[in-house]
Amino acid sequence: MKPTLKNDRFLRALRRQAVDVTPVWMMRQAGRYLPEYRATRSKAGNFMNLCQNPELACEVTLQPLDRFPLDAAILFSDILTIPDAMGLGLYFEEGEGPRFQHPVTDEEAVAKLAVPDPNDELRYVTDAVSLIRRELDGRVPLIGFSGSPWTLATYMVEGGSSKTFSCIKGMMYSRPDLLHRILAVLADSVSVYLAAQIEAGAQAVMVFDTWGGSLSPATYREFSLAYMTKIVEKLKADATTRDVPVVLFTKGGGQWLELMADSGCDALGLDWTTDLSDARARVGDRVALQGNIDPCVLYAPPDTIREQVAMTLASFGKGNGHVFNLGHGIHPAVNPEHAAALVEAVHELSRQYHQ
């Protein structure tokens, strides 16, 4: 028997239902800005050990909730778990970020790709979800997540991070058939992976399309949004997952909000380059909106953070369907007290918009 959810503001906001105050959580809320996270990571030895140890992943997931009255927890993991489980040899180069020993660059490599079994190769993730859900004991909802097919493919084809995306865009224009095969396997993988997280206890799921904003309008529709839509459709078609809210977030994707809303998702994440009032006018009541204060605001003193929070809340205005968040992940050098000031300001200043 699952414990009763004590704070359901986040889920209510995703469903555009009435809340007392605007719910708030922060992307990368469990991370390097917290000294307790750095201590746990040091104990783990390295980042992947931390991700692959359910007990430690649970520990760091709960750390920000012990500091701040956040309205949701998000699974501590990495967006590259799926390609790692495909056998591409994920490792982290100091100062360079994630790298793959076996990039996917030709027909032979594409032919080897298969959907990982979330109860086998990715069992450490579902075990972490189950443990976190148990330890939360109904305090707040738990968010599961995955990278989008396009974003995962960028790392797989490039062999790691990229500023130009020359390898994957070269494939996109010269061998679109090959890229579509990669994306099709990834869409199936993400669908199965998110469904497994939901079965393990995730109460909402989010798809991070970190690099979708690097595409042109036409290529975004064909190579990113089409595959995220397939994921949403699969989750909404299954009786065991259809009632779990799905959030899509394309960083740099503000020009495509109407198309994203057509996917059938429940909410859209926004970065700080999109005005909330404009976004709300464009999508109407079709989806909830999540975001979207600039993460760099957290470098400012608490009084300025409070002012910026007030501006963001006013931009959305009165009514339901807003989850307050950063426009991207919290930066490692942020003072935790500044994060506390943001959460406090959101709860205090948003009450007037829900009366």
Side-chain angles (χ1 to χ4, degrees), residues 27 30 47-48 50-54 57-58 61 72-90 98 100 104 110 112-133 141-157 181-212 223-250 263-267 269:
M27 287 186 270
F47 178 73
M48 285 308 295
L50 182 55
C51 289
Q52 293 175 350
N53 183 311
C58 176
T61 297
I74 184 166
L75 163 71
F76 180 82
S77 187
D78 191 77
I79 65 167
L80 298 179
T81 50
I82 287 175
D84 182 48
M86 289 176 165
L88 303 189
L90 176 65
F100 284 111
V104 179
V110 173
K112 291 179 181 177
L113 296 177
V115 175
D117 183 347
N119 296 310
D120 185 3
E121 295 100 330
L122 291 165
R123 179 66 181 267
Y124 65 91
V125 177
T126 54
D127 283 349
V129 171
S130 298
L131 180 58
I132 295 163
R133 180 73 188 273
L142 174 61
I143 306 166
F145 74 92
S146 174
S148 72
W150 166 259
T151 292
L152 297 180
T154 63
Y155 289 99
M156 292 164 62
V157 176
R181 280 156 56 190
I182 296 171
L183 293 168
V185 175
L186 286 170
D188 288 344
S189 300
V190 172
S191 300
V192 170
Y193 184 49
L194 291 179
Q197 290 183 36
I198 291 168
E199 184 179 357
Q203 291 149 292
V205 291
M206 186 161 171
V207 178
F208 286 90
D209 188 29
T210 310
W211 300 123
F223 293 95
S224 181
L225 183 56
Y227 290 95
M228 289 195 290
T229 300
K230 288 182 179 182
I231 293 163
V232 175
E233 289 173 349
K234 286 191 176 184
L235 293 174
K236 295 301 181 183
D238 190 320
T240 61
T241 57
R242 68 166 60 114
D243 294 329
V244 174
V246 180
V247 185
L248 300 186
F249 173 60
T250 293
S263 68
C265 68
D266 299 278

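Not measured: the values here are computed from a predicted model.
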(message) Once salt bridge (charged side-chain N to carboxylate O under 4.0 Å, His left out) is applied, do any residues pair with Asp127, and if so which ones, sequence neighbours excluded?
(response) Arg123
(request) Drop me the distance from Thr126's OG1 to Leu75's CG, to the nearest 0.5 angstrom. (result) 10.0 Å
(message) Are there over 12 heavy-atom neighbours, none belonging to Glu199, within less than 6.0 Å of that residue's CD?
(response) no
(message) Applying side-chain contact (heavy atoms from CB on, under 4.5 Å), can you list everything that pairs with Cys51, at least two apart in sequence or on another chain?
(response) Phe47, Phe76, Asp78
(request) List for me each residue that meets side-chain contact (heavy atoms from CB on, under 4.5 Å) alongside Asp243, sequence neighbours excluded, and say none if there are none. (result) none
(request) Supply the atom-to-atom distance Ile231 CD1 to Leu248 CG, rounded to the nearest 0.5 angstrom. (result) 8.5 Å
(request) Enter the distance from Met228:CE to Ser191:OG here, rounded to the nearest 0.5 Å. (result) 12.5 Å
(request) Report the residues that fulfil ring-ring contact (aromatic ring centres under 6.0 Å, His included) with Phe145, sequence neighbours left out, ordered by chain and then residue number. (result) Phe208
(request) Please step through side chain to side chain contact (heavy atoms under 4.5 Å, CB included) for the pair Leu194 and Val207, ending with a clear verdict. (result) CA-CA 9 Å; Leu194 291 179; Val207 178; 3.9 Å; yes
(message) Run the side-chain contact (heavy atoms from CB on, under 4.5 Å) test against Val244 and tell me which residues pass, sequence neighbours left out.
(response) Ile198
(request) Identify the two heavy atoms, one from Pro141 and one from Gln203, that lie closest to each other, and give their separation to 0.1 Å. (result) CA-OE1, 3.3 Å
(request) State, to 0.1 Å, how close Ala195 and Leu235 come at their nearest heavy-atom pair, and which atoms those are. (result) N-CD2, 4.1 Å
(request) Would you check if Pro98 and Leu90 make a side-chain contact, meaning some heavy-atom pair closer than 4.5 Å? (result) yes
(request) State which residues pass ring-ring contact (aromatic ring centres under 6.0 Å, His included) with Tyr124; sequence neighbours excluded, sorted by chain then number. (result) none
(message) For the CZ atom of Arg133 and the SG atom of Cys58, what is their distance to the nearest 0.5 Å?
(response) 13.0 Å
(message) Tell me every residue that passes side-chain contact (heavy atoms from CB on, under 4.5 Å) with Thr229, counting only those two or more places apart in sequence or in another chain.
(response) Leu225, Glu233, Ser263
(message) Could you measure the distance from the CD atom of Gln52 to the CG atom of Asp84? Nearest 0.5 Å is fine.
(response) 6.0 Å
(message) Apply side chain to side chain contact (heavy atoms under 4.5 Å, CB included) to residues Tyr193 and Val125 and explain how you reach the verdict.
(response) CA-CA 9 Å; Tyr193 184 49; Val125 177; 3.4 Å; yes
(message) I'd like to check Val246 versus Lys236 (side-chain heavy atoms, cut-off strictly below 4.5 Å). Are they in contact?
(response) yes
(message) Which residues pass the side-chain hydrogen bond (donor to acceptor under 3.5 Å, both in side chains) test with Asp188, not counting sequence neighbours?
(response) Lys234
(message) Restricting to non-hydrogen atoms, name the atom on Leu122 and the atom on Pro116 that form the minimum distance, rounded to 0.1 Å.
(response) CD1-CB, 4.1 Å
(request) List for me each residue that meets ring-ring contact (aromatic ring centres under 6.0 Å, His included) alongside Phe223, sequence neighbours excluded, and say none if there are none. (result) His180
(request) Would you name the heavy atoms of Val185 and Met86 that are closest together and state the gap between them? (result) CG1-CE, 3.8 Å
(message) Taking side-chain hydrogen bond (donor to acceptor under 3.5 Å, both in side chains) as the definition, give me every residue that meets it alongside Lys112, ordered by chain and number, with sequence neighbours left out.
(response) none
(message) Could you work out, with salt bridge (charged side-chain N to carboxylate O under 4.0 Å, His left out) as the rule, every residue matching Arg242, not counting sequence neighbours?
(response) none
Listing, residues 149-157 side-chain donor-acceptor contacts under 3.5 Å, not counting sequence neighbours, or none:
residue, atom, partner, partner atom, Å
Trp150, NE1, Trp211, O, 3.0
Thr151, OG1, Ser148, OG, 3.2
Thr151, OG1, Asp209, OD1, 3.1
Thr151, OG1, Thr210, N, 2.9
Thr151, OG1, Trp211, N, 3.1
Thr154, OG1, Thr151, O, 2.6
Tyr155, OH, Trp211, NE1, 3.1

(message) Please find the pair of heavy atoms, one from Ile82 and one from Ser146, that lie closest to each other, and give the distance.
(response) CD1-OG, 3.9 Å
(request) Measure across Ala202 and Val129 and return the closest heavy-atom pair with its distance rounded to 0.1 Å. (result) N-CG1, 3.6 Å
(request) State the CD1-OG1 distance between Ile132 and Thr61, to the nearest 0.5 angstrom. (result) 3.5 Å
